[in-house]
Number of protein chains: 2
Amino acid sequence: MREREEVKSLKAIVLAAGDGTRFKPFTDHNPKPLLPLLGLTLIERILLAAKKAGIRDFVVVLGYKGERVRDFLGDGRRYGIRIEYVENRDWHRGNGTSLLAAESAVKDEEHFVVMMADHVFEPDLLRKALALQPRGRDSVLCVDRDLSGIADLQDATKVHTEGGFIVQIDKRLKHFDAVDTGFFIFSHEIFDALRAADTGHALTLTAGVKRLAERRLIRVVDVTGFFWIDVDRPELLGVAESRLLKTLSKSTDGVVSRWLNRPISTRLTRFLVRTPLSPDTVTAISFMIAVASGILFAVGHLVWAGLLAQFASVIDGVDGEIARLKFRETRLGAFVDSLLDRYGDSAIVLGMSTWAYLSTGNAWTLLLGMAVLAGAPMSMLAKEKFRAITGRDYPIEQAEGWLRYIPDSRDARLFIIMLGGLFGAVIPALVLLAVLTHGKTVWRMYRLAGLLDAPAV
Amino acid sequence: MREREEVKSLKAIVLAAGDGTRFKPFTDHNPKPLLPLLGLTLIERILLAAKKAGIRDFVVVLGYKGERVRDFLGDGRRYGIRIEYVENRDWHRGNGTSLLAAESAVKDEEHFVVMMADHVFEPDLLRKALALQPRGRDSVLCVDRDLSGIADLQDATKVHTEGGFIVQIDKRLKHFDAVDTGFFIFSHEIFDALRAADTGHALTLTAGVKRLAERRLIRVVDVTGFFWIDVDRPELLGVAESRLLKTLSKSTDGVVSRWLNRPISTRLTRFLVRTPLSPDTVTAISFMIAVASGILFAVGHLVWAGLLAQFASVIDGVDGEIARLKFRETRLGAFVDSLLDRYGDSAIVLGMSTWAYLSTGNAWTLLLGMAVLAGAPMSMLAKEKFRAITGRDYPIEQAEGWLRYIPDSRDARLFIIMLGGLFGAVIPALVLLAVLTHGKTVWRMYRLAGLLDAPAV
């Protein structure tokens with residue numbers, strides 16, 4: 001049994017031969033797959049997203065200025081993948097000829113993925129398709145049923161589906177219920193279909209797919225809701241950027257993070273991702289900004305201190321955003337980030353407490369700072385312990401009831417600190433933080449009692 | 001398909017008919033299964049340990065003063081199990097007749113567990129036996145090969161094994177390589193074997209097992225190293241107590257916990273487990289002792305404060321010990337315990353800092369307290385984050401190197417605090433705690449960098 005069968009990972013053919021005439025003058029010097037998009041070229045983004053979905057072996061079909069793509073990507077080792085190249089001298093006749101050119105490169109595969117070098121997507125889209133595991137002569141096409149979300153519907157290839165199969169496919173279909181996303185899993189039937197459709201003139205992939213559709217050989221995978229975009233015209237590069245940046249918000253983002261930090265951090269990321277700045281460097285910068293905020297609090301520059309605290313909170317999102325956009329997430333980064341965040345918070349509270357003492361001469365204000373420090377880890381602790389004990393995720397609705405709308409996560413704490421700095425209300429901010437974190441902890445223990453009150457056996 | 005087949009849980013027969021003559025005068029009024037052992041009766045301990053190993057349906061064979069056992073246990077609902085009773089009027093002829101009496105109660109089972117009401121054991125022993133899943137006519141006997149660990153070797157039933165089967169079994173075997181632990185999984189062959197062995201006089205279970213052994217129908221499961229004891233004579237009750245208490249130490253116990261806290265806490269537990277005191281109450285008491293320690297520190301009663309801190313640390317073990325001994329572990333208990341521990345620690349550090357300030361008049365000592373509070377959660381945080389990110393347990397050797405011998409866990413921190421109190425060295429104790437926790441955190445980040453420095457993908 002060959003290795004790739006053992007790991008059930010398919011080979012993927014990437015069609016990268018076209019000349020992208022609409023992208024002139026860029027394409028006078030470079031082929032379209034090398035267009036930059038948020039710090040990576042289009043084709044790097046396609047390869048790395050597919051890698052994240054589990055694919056390791058790629059066949060890249062080259063045509064227009066193909067040697068530039070080959071020189072740029074190399075054998076794929078620096079991306080942790082393997083790339084073979086196939087040249088299609090017929091590329092000007094259409095992408096059907098490009099797929100035909102790759103036939104011998106997948107002769108040992110029963111099925112293989114086909115994707116376009118200019119269709120940007122999120123890994124989960126491909127994961128869903130790969131989960132289907134087609135058999136025998138069946139092929140699979142990923143379709144999107146949310147027609148209002150298609151960036152360029154007029155130019156899109158429409159499909160008409162029936163009972164889970166494609167029955168019609170064409171750019172000019174009148175009646176259609178979904179759109180071809182350009183992500184396929186094919187059996188070798190596609191090669192015969194393409195040869196049968198070849199008249200010696202233009203030969204599109206769609207022409208081959210049409211013949212398979214007539215024979216009910218193409219199943220549908222519905223990937224509605226997953227991010228993908230066909231970067232077909234220069235204007236769509238900007239759309240692709242915006243949508244990619246939108247995918248960076250997390251469902252776990254707190255209120256402040258969602259409405260204040262993310263809008264700012266993604267704008268910063270949009271700029272910084274084009275620089276060689278590494279995510280780890282940004283993590284270190286965020287920590288140092290927090291320390292600077294603490295020092296400014298201690299010496300009484302409250303407004304600047306407050307603004308820096310909030311800025312540290314914003315930058316805290318940027319490292320992860322850059323890492324995700326560039327497919328450079330590391331476990332080390334996530335680990336160090338979570339520990340440095342904690343230290344940054346402590347530095348700020350230390351600075352606030354120092355100023356509270358110096359400005360009032362009352363040492364007991366320092367005990368207030370202690371109460372805040374004692375409360376800061378309790379939220380995280382309660383959640384991690386719940387997970388460790390039950391093996392389930394922390395059930396925020398059940399555990400917190402309506403109090404979940406009163407945030408005590410890091411973004412909210414740093415926002416309160418900023419307000420404290422801006423309005424010169426450092427002691428009220430400390431009191432609020434102490435009440436918030438300890439109050440929510442007691443509330444959580446009370447609510448979770450009902451959830452956990454069963455024998456562990 | 002019946003429910004118990006779906007969950008693959010066997011029925012268990014508990015032989016509880018004997019009169020335990022050696023336990024006179026106790027057994028004048030009560031049968032031996034109702035002997036108390038660390039807060040539970042012998043038979044409760046057997047039933048609950050088996051429940052923890054996954055068994056839910058029990059058949060208890062009664063004989064001598066059987067109605068007392070039945071009145072005491074009821075239908076098992078309050079233990080979360082189901083109990084049927086079988087009466088053996090022939091009990092004085094030996095435990096072979098007791099098993100025969102239970103035949104109709106297991107007529108629908110292909111295999112069933114048999115255990116003795118006076119053989120105390122840890123659940124993992126039975127789990128190992130149940131994992132074997134015997135088939136067809138095969139039966140299974142759990143044997144112990146560590147002959148030096150048997151509490152009463154002379155009185156034990158010896159076995160001679162060959163190639164994974166019992167070939168000889170008798171109390172008076174000259175050549176033997178293991179001991180019968182009294183835990184069986186039988187097929188119905190045992191009933192025919194017992195009938196064949198029945199001469200109308202004494203009929204022991206061993207007589208039936210002998211016949212199966214001759215036909216190579218009894219496989220061996222080696223449970224050497226697991227705790228079990230046959231409480232056959234009154235003196236052995238004390239041995240059983242000591243050994244049960246020894247099973248309470250955890251492999252995760254810190255140095256102070258292992259050598260100081262456990263020896264004290266298990267002695268307390270030995271006493272407290274006989275009272276109706278609940279584990280949750282003990283958790284609350286431990287927390288209140290910590291708060292009291294903090295208050296005493298604040299007002300300058302350093303020696304008492306230090307001793308109370310250490311006492312809180314000891315009591316922190318007792319709640320879990322009582323819960324485990326009485327099979328009353330709850331997820332809620334574990335959750336609340338971990339949160340209250342943290343609050344107790346904070347209260348003590350707050351008290352120490354207050355005294356440091358009051359006794360020196362130097363408010364900056366309070367910043368020292370803050371440094372300790374900021375450092376306290378970092379050890380736990382690093383471990384939980386590592387687990388969350390990698391899905392693996394925190395690798396203490398790789399992550400800490402030789403520094404793992406310098407403890408910063410809760411038991412060690414409270415021990416340092418006690419020393420600080422005893423020697424009036426509160427500020428040095430705070431400095432040591434701050435250096436210890438922050439130093440180890442930085443060290444951990446540095447060491448884990450090597451372990452985690454691989455792409456997440």
Side-chain angles (χ1 to χ4, degrees), chain A residues 48 51-52 80 323 327-336 338-340 342-343 345-347 349-350 353-354 357-358 361-367 369-378 380-382 384-390 438 441 444-445 448-457, chain B residues 51-52 54 80 323 327-336 338-340 342-343 345-347 349-350 353-354 357-358 361-367 369-378 380-382 384-390 438 441 444-445 448-457:
Chain A
L48 289 170
K51 179 192 174 194
K52 202 167 175 185
F327 299 94
R328 286 176 67 177
E329 292 159 283
T330 63
R331 301 179 300 175
L332 178 61
F335 181 75
V336 170
S338 67
L339 263 59
L340 282 189
R342 195 64 58 184
Y343 269 116
D345 293 358
S346 296
V349 173
L350 218 66
S353 309
T354 302
Y357 165 56
L358 290 176
N362 184 344
W364 301 116
T365 54
L366 292 172
L367 290 188
M370 286 199 194
V372 174
L373 283 179
M378 298 310 287
M380 191 278 311
L381 181 67
E384 296 286 351
K385 278 286 165 192
F386 186 91
R387 213 194 318 268
I389 288 171
T390 65
H438 292 293
T441 301
R444 268 190 199 106
M445 279 201 261
L448 285 174
L451 279 177
L452 290 171
D453 202 2
V457 176
Chain B
K51 179 192 174 195
K52 201 167 175 186
F327 298 94
R328 286 176 67 177
E329 293 159 282
T330 63
R331 301 180 300 174
L332 178 60
F335 181 75
V336 170
S338 67
L339 264 58
L340 282 189
R342 195 63 60 182
Y343 269 116
D345 293 358
S346 296
V349 173
L350 218 66
S353 309
T354 302
Y357 165 56
L358 289 177
N362 184 345
W364 301 116
T365 54
L366 292 171
L367 290 188
M370 287 198 195
V372 174
L373 284 179
M378 297 311 286
M380 191 279 310
L381 181 67
E384 296 287 351
K385 278 287 164 191
F386 186 91
R387 211 193 321 267
I389 289 171
T390 65
H438 292 293
T441 301
R444 267 191 199 106
M445 280 201 261
L448 286 174
L451 279 177
L452 289 171
D453 202 2
V457 178

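All values derive from a computational prediction rather than experimental measurement. Note on naming: letters A, B, ... go to the chains in the order of the sequence lines (proteins, then strands), and numbering restarts at 1 for each one.
- In terms of heavy-atom pairs under 4.5 angstrom with chain A, the leader among B:Val336, B:Thr390, B:Leu350 is B:Leu350.
- Chain B forms the most heavy-atom pairs under 4.5 Å with one residue out of A:Arg342, A:His438, A:Arg444, and that residue is A:His438.
- Between A:Arg331 and B:Lys385 there is no side-chain heavy-atom pair separated by less than 4.5 Å.
- No salt bridge links B:Glu384 with A:Arg387; every basic N to acidic carboxylate O contact stays at or beyond 4.0 Å.
- Note that CG of B:Leu366 is 5.0 Å distant from CG of A:Leu366, once rounded to the nearest 0.5 Å.
- The two atoms that bring B:Ser338 and A:Leu381 nearest to each other are O-CD2, 4.3 Å, heavy atoms only.
- Of the two parts of B:Phe386, the backbone and the side chain both hold a non-hydrogen atom closer than 4.5 Å to a non-hydrogen atom of chain A.
- Aromatic ring orientation, A:Tyr357 versus B:Trp364: perpendicular (interplanar angle above 60°, classes split at 30° and 60°).
- Between A:Leu448 and B:Leu332, the closest heavy-atom pair is O-CD1, 4.2 Å.
- A:Met370 touches chain B through backbone and side chain together, each having a heavy atom under 4.5 Å away.
- In this structure, the portions of A:Phe335 lying under 4.5 Å from any heavy atom of chain B include both its backbone and its side chain.
- In terms of non-hydrogen atom pairs under 4.5 Å with chain B, the most contact-rich of A:Ala374, A:Ala382, A:Gly369, A:Gly80 is A:Ala382.
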